[in-house]
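Data first, discussion second: the structure below is written as structure tokens.
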Amino acid sequence: MNAATVNQSDCPEVGVPFSLFFTIGVVSLAENLLVVVAVVWNRNLHSPMYCFICSLAAFNTIASVTKTCENLMIVFVDVGQLKKKGSSELKLDDVIDALLCMSFVGSIFSFLAIAVDRYITIFHALQYHNIMTMRRTGAVLGLVWSTCGVSAVLMVRFFHSQFIMICFVAFFFISLAIICFLYVYMFMLARIHARKIAALPTYGGGKIRRQRWRGSSMRGALTLTILFGALVVCWAPFFTHLVIIMVCPLDPYCECYRSLFQLHVVLLMSHALVDPAIYAFRSAELRHTFRKMFLFCLDWRRCS
């Protein structure tokens with residue numbers, strides 16, 4: 001999304017070479033597609049949580065593709081191959097902005113869905129498969145994608161309205177507060193439950209199995225907490241930029257912060273690059289699936 005304005009301060013605009021944007025876009029696209037293929041490939045990953053992770057990877061893929069296309073358009077404009085204010089170029093730019101908005105809103109909703117799934121896994125383990133069926137998971141994903149599509153179109157159509165920009169920024173910070181509350185609440189309850197389990201008498205291997213199950217679920221929650229932290233680090237500077245546009249558009253000190261806009265965009269794009277690396281590092285099942293896919297590709301190449 002093009003939120004940059006003319007720099008009217010003494011702080012020079014910090015530029016980022018196109019090659020960096022293009023590299024981040026291509027690598028993140030490959031990583032997220034690999035995650036999607038891995039989830040589809042391995043039947044052990046056909047669970048609600050990995051469906052939500054796959055959805056998150058799909059939103060990251062959209063962000064990578066659209067931002068790379070936008071940077072290519074800027075290059076073509078600079079060399080005179082495209083018109084900066086042409087009607088078709090402006091329509092294409094609106095489509096790109098809508099897809100970027102959709103990917104952001106989708107990422108937030110995906111994190112909310114994953115957080116709720118982890119909560120049910122940890123504290124309603126016996127009823128989990130009755131609550132989180134694949135049919136309900138599909139319905140949630142359908143609702144998320146349709147809501148994100150409609151929201152993105154509305155945001156881009158009325159983005160220059162001060163009210164819409166305020167809603168967009170408020171949605172970001174309210175969502176962060178909700179997710180933070182849910183994770184803090186989850187870890188607090190998990191700590192209380194762990195103490196209660198430790199105080200129970202041991203009957204065979206039941207207690208050990210419950211501890212292993214809860215420990216595995218908490219590791220999954222910790223992974224998603226790391227993912228959430230990456231989202232905050234990568235997106236917060238961009239939304240701070242939007243806040244500054246609304247609060248102090250002409251202040252020299254604010255303009256100095258806004259001169260870093262391209263670095264904010266690099267961070268924004270890096271979110272799609274960091275997420276798959278966290279999946280691969282934290283999930284043993286995904287690492288095993290990537291290894292099997294790599295070996296399959298080697299065998300296929302040898303046979304061909």
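Values below: every heavy atom of this structure, side chains too, minus hydrogens, waters and symmetry copies. Everything numeric here is computed off the predicted structure, so don't read it as measured data.
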Please tell me whether F109 and W145 form a close aromatic pair, meaning their ring centres lie under 6.0 Å apart.
no

Does the T133 side chain pair with the main chain of N130, one donor and one acceptor, at a distance under 3.5 Å?
no

How long is the straight-line distance from CG of L176 back to CZ of F111, given to the nearest 0.5 Å?
10.5 Å

Smallest separation among heavy atoms of M73 and D93, with atom names
CE-N, 4.5 Å

Below 4.5 Å, heavy atoms only, C-beta onward: do I24 and S270 meet side chain to side chain?
yes

List the steps and the verdict of side chain to side chain contact (heavy atoms under 4.5 Å, CB included) for M246 and V169.
CA-CA 10 Å; M246 295 185 292; V169 174; 3.8 Å; yes

With distance as the sole criterion, is a donor-acceptor pair present between the side chains of S107 and W235 under 3.5 Å?
no

Is there a continuous path of hydrophobic side-chain contacts, each under 4.5 Å between heavy atoms, that joins L242 to I108?
yes

Hey, any chance L143 and V153 share a hydrophobic cluster, counting ILVMFWY side chains that come within less than 4.5 Å of each other, even indirectly?
no

Check step by step if side chain to side chain contact (heavy atoms under 4.5 Å, CB included) holds for S103 and L99.
CA-CA 6 Å; S103 66; L99 289 173; over 6 Å; no

Between I174 and V116, is there shared hydrophobic-cluster membership here, with clusters defined by ILVMFWY side-chain heavy atoms closer than 4.5 Å?
yes

Nearest heavy-atom pair of A152 and A98: which atoms, and what distance?
CB-O, 3.0 Å

Is atom CZ of F18 surrounded by more than 12 heavy atoms (other residues, nucleotides or ligands) closer than 6.0 Å?
yes

For atom CZ of F22, is the number of surrounding heavy atoms from other residues, nucleotides or ligands below 6.0 Å larger than 12?
no

Spatial distance of atom CE (M269) from atom OG1 (T66) [nearest 0.5 Å]
8.5 Å

Specify whether F239 and F173 have parallel, tilted or perpendicular ring planes, treating 30° as the upper limit for parallel and 60° as the lower limit for perpendicular.
perpendicular

What is the ring orientation for H241 with H264, classed by angle as parallel under 30°, tilted 30 to 60°, or perpendicular over 60°?
perpendicular

How many angstroms lie between CG in N42 and CD in E285, if you round to the nearest 0.5 Å?
5.0 Å

Just by modelled atom types, is the V16 backbone N or O under 3.5 Å from a matching donor or acceptor in the Q262 side chain?
yes

I'd like to know if the side chain of T61 pairs up with that of N32 as donor and acceptor (distance under 3.5 Å, no hydrogens or angles considered).
no

OG1 on T68 to CD1 on I96, rounded to 0.5 Å
10.0 Å

Check for a donor-acceptor pair, side chain of T147 on one end and backbone N or O of V144 on the other, with a separation under 3.5 Å.
no

Are the side chain of S55 and the backbone of C51 linked by a donor-acceptor contact shorter than 3.5 Å?
no

Please check if V265 and L263 belong to a single hydrophobic cluster, counting links between Ile, Leu, Val, Met, Phe, Trp and Tyr side chain heavy atoms closer than 4.5 Å.
yes

With the side chain counted from C-beta on, respond yes when L273 and V27 share a heavy-atom pair under 4.5 Å apart, and no when they do not.
yes

So do the side chains of F59 and V105 get within less than 4.5 Å of each other, counting heavy atoms only?
no

Would you confirm whether the ring centroid of F172 sits within less than 6.0 angstrom of the ring centroid of F104?
yes

In short, S64 meets A272 closest at the heavy-atom pair OG-CB, 3.4 Å

Given 3.5 Å as the limit, does a donor-acceptor pair link the side chain of S151 with the main chain of C148, or not?
no

Identify the two heavy atoms, one from G25 and one from S28, that lie closest to each other, and give their separation to 0.1 Å.
O-OG, 3.0 Å

Taking the side chain as everything from C-beta on, heavy atoms only, tell me whether E70 gets closer than 4.5 Å to L92.
no

Distance flag, aromatic centroids of F238 and H271, threshold under 6.0 Å
no

Heavy atoms of D275 and A230 approach each other most closely as OD1-CB, 4.4 Å

Looking at CG of L29 and CG of L34, how far apart are the two atoms once the value is rounded to the nearest 0.5 Å?
11.0 Å

Mind checking whether I131 and L112 sit in one hydrophobic cluster, side chains of I, L, V, M, F, W, Y counted as touching below 4.5 Å?
yes

For the residue pair Y50 and N44, confirm or rule out a side-chain donor-acceptor distance under 3.5 Å.
no

What heavy-atom pair brings M132 and F52 nearest, and what distance separates the two atoms?
CE-CE1, 3.8 Å

So, taking the atom named CZ in R291 and the one named CG in L286, what distance separates them when rounded to the nearest 0.5 Å?
11.5 Å

Look only at the side chain of H46 and the backbone of V40, and say whether a donor-acceptor pair between them is shorter than 3.5 Å.
yes

Compare all side-chain heavy atoms of F290 with those of V35 and state whether any distance is below 4.5 angstrom.
yes

